[in-house]
Amino acid sequence: MTDVKQHKILLDEGEMPTRWYNVLHDLPTPPPPPLHPGTGQPIGPEDLTPLFPMALIEQEVSTEQYIDIPEDVLDVYRLWRPSPLFRAHRLEKALGTPARIYYKYEGVSPAGSHKPNTAVPQAYYNKQAGISKLTTETGAGQWGTSLAFACAQYDMECEVWQVRASYDQKPYRRMMIETFGGTVHPSPSELTAAGRAILAEHPDSTGSLGIAISEAVEVAAQDPTINYALGSVLNHVLLHQTIIGEEALLQLAKIGETPDLLVGCTGGGSNFGGLMFPFLREKWAGRMSPEVRAVEPTACPTLTQGTYAYDFGDTAGMTPLMKMHTLGHDFVPDPIHSGGLRYHGMSPLISHLYETGEIGAVAKPQSECFAAGVLFARTEGIVPAPEPTHALAAAVEEALRCKETGEEKVILTALCGHGHLDLPAYAAYLAGTVEDTSWDDDALQAAVAEALTRLPQLS
């Protein structure tokens, strides 16, 4: 197992973790609670029942350290889990770095990303509660694809509102969702009051995840047989993703490695938290001391430039108020190719950890990220989705720093999905037509400043 030419570190199906890890149990300080938008008071379980089954609501507020994964969910997981951990030997050689780079590859799932890790249990618990249909939003389409796949496993309907910019950029995602049995609408749409209101004011709107959430929530809230499913941000979503980090810990232990740096891209926070939380548990227990770094796009720099405040998770203001890093619930980011990172807010758990100094964050322009993605494809043979190229760019940056210092750091990153359905984005990069949006851009700062003036006012 110590052969330097070993590329894959694998687990057998029998070694797959059977519990999700709940970081709420071990947080040094508890995060602020979500609030009811009408009363300004902490929400109770009954406030969430119009959208979620009680099993997920209980997971959302649980402080138990571990939650057992139902056997039926484990059985679906076994279609692709455990996922492989790779040593990036060829990338290391191309960079000439003494650093050792590992990547946990979630692109082996049916949807080609990490998203089924939570889509499957969400569909399972809703089916157990008698729900027949789930609505949701999607950006790049990986979450919509994942939920459509999960609903197919439990004979449920799935209706997806996809951000218009991504709907137009990524038609094959729509086709994949439909192949799995889902229905897809571009957002904003004429099908909901929220969508019609946006289109009345902005007929050419490129959409946003916040708008798409409003549309999906509106439809679910009107029918007791329909629930809403969210692909990121919420505690139970990040909980389900921790199987990634739990597997990675077992895989690194097989070869006697301990990471010095963990890097992951952040949109809403699910892929990032899924890998990082189990390692933070080990760090807090004194068993390792890695640095943890979130990487976001400069066009939507939620952690690095956002305000830590209570805000809505959606544009129309239908969700509970969450204390998070936000650019303003009606901020519409530029239509960059990393559709999964175009979210105005950040997971309350990730935001809390950033506020308390447990994690760091940087923002990267998309041209630097695509350059890292192309290098990775030409060395490791996997075309990454635009989202994890942000993490790859930070990993490459650190590896080159190690080349200068001679440090033999162990870098672990989350390659949360492949980019086979994102090739038009690579075509744009290779053709030199990709444009970067910097925080120094006056229009971006003005748009964020304006959106922040409409944050909810709490008494």
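FYI, the numbering just counts along the sequence from 1. None of the values given here were measured: they were computed from a predicted structure. The figures that follow rest on heavy atoms only: side chains count, while hydrogens, waters and symmetry mates do not.
Within a 6.0 Å radius of CD in Glu64, no more than 12 heavy atoms belonging to other residues, nucleotides or ligands are found. Heavy atoms from other residues, nucleotides or ligands lying under 6.0 Å from CD of Glu71 number more than 12.
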- [ ] Decide yes or no on side chain to side chain donor-acceptor pair (under 3.5 Å) for Tyr154 and Gln128, but give the supporting numbers first.
- [x] CA-CA 10 Å; Tyr154 298 105; Gln128 293 293 104; over 6 Å; no

- [ ] Walk me through it: do Thr206 and Asp168 pass the test side-chain contact (heavy atoms from CB on, under 4.5 Å)?
- [x] CA-CA 9 Å; Thr206 57; Asp168 293 338; over 6 Å; no

Open item on the list: Set out, in order, the CA-CA distance, both residues' side-chain angles and the distance that settles side-chain contact (heavy atoms from CB on, under 4.5 Å) for Lys283 and Leu262, then state yes or no.
Closed with: CA-CA 12 Å; Lys283 181 177 182 177; Leu262 294 95; over 6 Å; no

Task: Residues Glu137, Val217; criterion side-chain contact (heavy atoms from CB on, under 4.5 Å); working and verdict - done: CA-CA 9 Å; Glu137 79 295 327; Val217 167; over 6 Å; no

- [ ] Go through Thr136 and Trp143 one step at a time and tell me if the side chain to side chain donor-acceptor pair (under 3.5 Å) criterion holds.
- [x] CA-CA 9 Å; Thr136 197; Trp143 168 241; 2.6 Å; yes

- [ ] Quick one: do Leu11 and Leu250 satisfy side-chain contact (heavy atoms from CB on, under 4.5 Å)? Show the steps, please.
- [x] CA-CA 8 Å; Leu11 299 174; Leu250 295 174; 4.1 Å; yes

Task: Glu60 vs His236, side chain to side chain donor-acceptor pair (under 3.5 Å): CA-CA, chis, key distance, verdict - done: CA-CA 5 Å; Glu60 183 69 19; His236 69 268; 2.7 Å; yes

- [ ] Start with the C-alpha distance between Lys115 and Thr145, add both sets of side-chain angles, then the distance that settles side chain to side chain donor-acceptor pair (under 3.5 Å), and finish with yes or no.
- [x] CA-CA 9 Å; Lys115 294 291 187 176; Thr145 303; over 6 Å; no

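Salt bridge annotation for Glu246-Arg281: present, with a cationic side-chain nitrogen under 4.0 angstrom from a carboxylate oxygen. Using a 4.0 Å cut-off between a side-chain N of Lys or Arg and a carboxylate O of Asp or Glu, Arg287 and Glu282 qualify as a salt bridge. The pair Arg78-Glu15 does not count as a salt bridge, with every side-chain nitrogen at least 4.0 angstrom from each carboxylate oxygen.
Side chains of Ser132 and Glu157: no donor on one and acceptor on the other come within 3.5 Å. For the residue pair Thr298 and Lys364, no side-chain donor N or O sits within less than 3.5 Å of a side-chain acceptor on the partner. Side-chain N/O atoms of Asp26 and Tyr21 include a donor and acceptor closer than 3.5 Å. A donor-acceptor contact closer than 3.5 angstrom links the side chains of Gln241 and Asn117. There is a side-chain donor-acceptor pair under 3.5 Å between Glu159 and His185. Side-chain contact, Thr29 with His352: a donor N or O sits under 3.5 Å from an acceptor N or O. Between the side chains of Gln366 and Tyr429, no donor-acceptor pair of N or O atoms lies under 3.5 Å. Between the side chains of Ser109 and His114, not a single donor N or O lies within less than 3.5 Å of an accepting N or O. With 3.5 Å as the limit, one finds no donor-acceptor pair spanning the side chains of Glu106 and Asn271. For the residue pair Trp161/Ser189, the side-chain donor-acceptor check at 3.5 Å is satisfied.
With hydrogens and angles ignored, the 3.5 Å screen pairs no side-chain donor or acceptor of Asp12 with any backbone N or O of Gly14. Looking only at distances, a side-chain donor or acceptor of His418 sits under 3.5 Å from a matching main-chain atom of His420. Remark: side-chain polar atoms of Arg293 are not paired, donor with acceptor, to backbone N or O of Ala361 under 3.5 angstrom. Panel note: side chain Thr135, backbone Ala216; a donor-acceptor pair is recorded below 3.5 Å. Between the side chain of Asn126 and the main chain of Gln122, a donor-acceptor pair closer than 3.5 Å is present. Remark: the backbone N or O of Asp311 is not paired with any side-chain donor or acceptor of Thr326 at under 3.5 angstrom. Side-chain N or O atoms of Glu247 include none that pairs as donor or acceptor with a backbone N or O of Pro17 at under 3.5 Å.
With a 4.5 Å cut-off on side-chain heavy atoms, Ser214 and Phe312 do not count as touching. Annotation: side chain of Tyr124 is in contact with side chain of Asp72 (closest heavy-atom distance under 4.5 Å). Within the 4.5 Å cutoff, no side-chain heavy atoms of Ile211 are placed close to those of Asp330. Taking 4.5 Å as the limit, some side-chain heavy atom of His390 sits within range of a side-chain heavy atom of Leu341. Within the 4.5 Å cutoff, no side-chain heavy atoms of Thr266 are placed close to those of Val295. You'll find the side chain of Met16 reaches within 4.5 Å of the side chain of Leu74, heavy atoms only. Between Leu234 and Met322 there is a side-chain heavy-atom pair separated by less than 4.5 Å. You'll find the side chain of Thr258 stays beyond 4.5 Å of the side chain of Leu252, heavy atoms only.
For the atom pair OG (Ser205) and CD1 (Ile198), the distance works out to 6.5 Å, reported to the nearest 0.5 Å. Here Ser232 contributes atom OG and Leu238 contributes atom CG; the two are 6.0 Å apart, rounded to the nearest 0.5 Å. Atom OG1 in Thr302 sits 9.0 Å away from atom OH in Tyr343 (nearest 0.5 Å). A distance of 14.0 Å separates CD of Glu296 from CD of Glu387, quoted to the nearest 0.5 Å. Rounded to the nearest 0.5 angstrom, Leu230 CG and Leu56 CG are separated by 11.0 Å. Here the CD1 atom belonging to Ile359 is positioned 8.5 Å from the OH atom belonging to Tyr354, to the nearest 0.5 angstrom.
Aromatic ring centres of His325 and Tyr308: separated by under 6.0 Å. Ring-centre distance between Phe376 and Tyr103: below the 6.0 Å cut-off. The ring of His25 has its center no closer than 6.0 angstrom to the ring center of Tyr66.
Residue Ala220 comes nearest to Asn227 through the heavy atom pair CB-C, 3.7 Å, listed as atom of the first residue, atom of the second, then distance. The minimum heavy-atom distance linking Leu24 with Ser62 is given by the pair CD1-O, 3.4 Å. Scanning both residues, Ala212 and Ser187, for their nearest heavy atoms gives CA-OG, 3.3 Å. Heavy-atom minimum distance, Thr437 versus Leu444: CG2-CD2, 3.9 Å. Contact between Cys300 and Phe331 at its shortest, heavy atoms only, is SG-CE2, 4.4 Å. Nearest heavy-atom pair, Pro386 versus Ala425, reported as atom, atom and distance to 0.1 Å: CG-CB, 4.4 Å.
Taking the six-membered ring for Trp and thresholds of 30 and 60 degrees, Phe52 and Tyr228 have ring planes inclined between 30 and 60 degrees apart.
Each of Ile9, Thr413, Ile411 was checked for a side-chain contact (heavy atoms from CB on, under 4.5 Å) with Tyr102, and the lone residue meeting it is Ile9.
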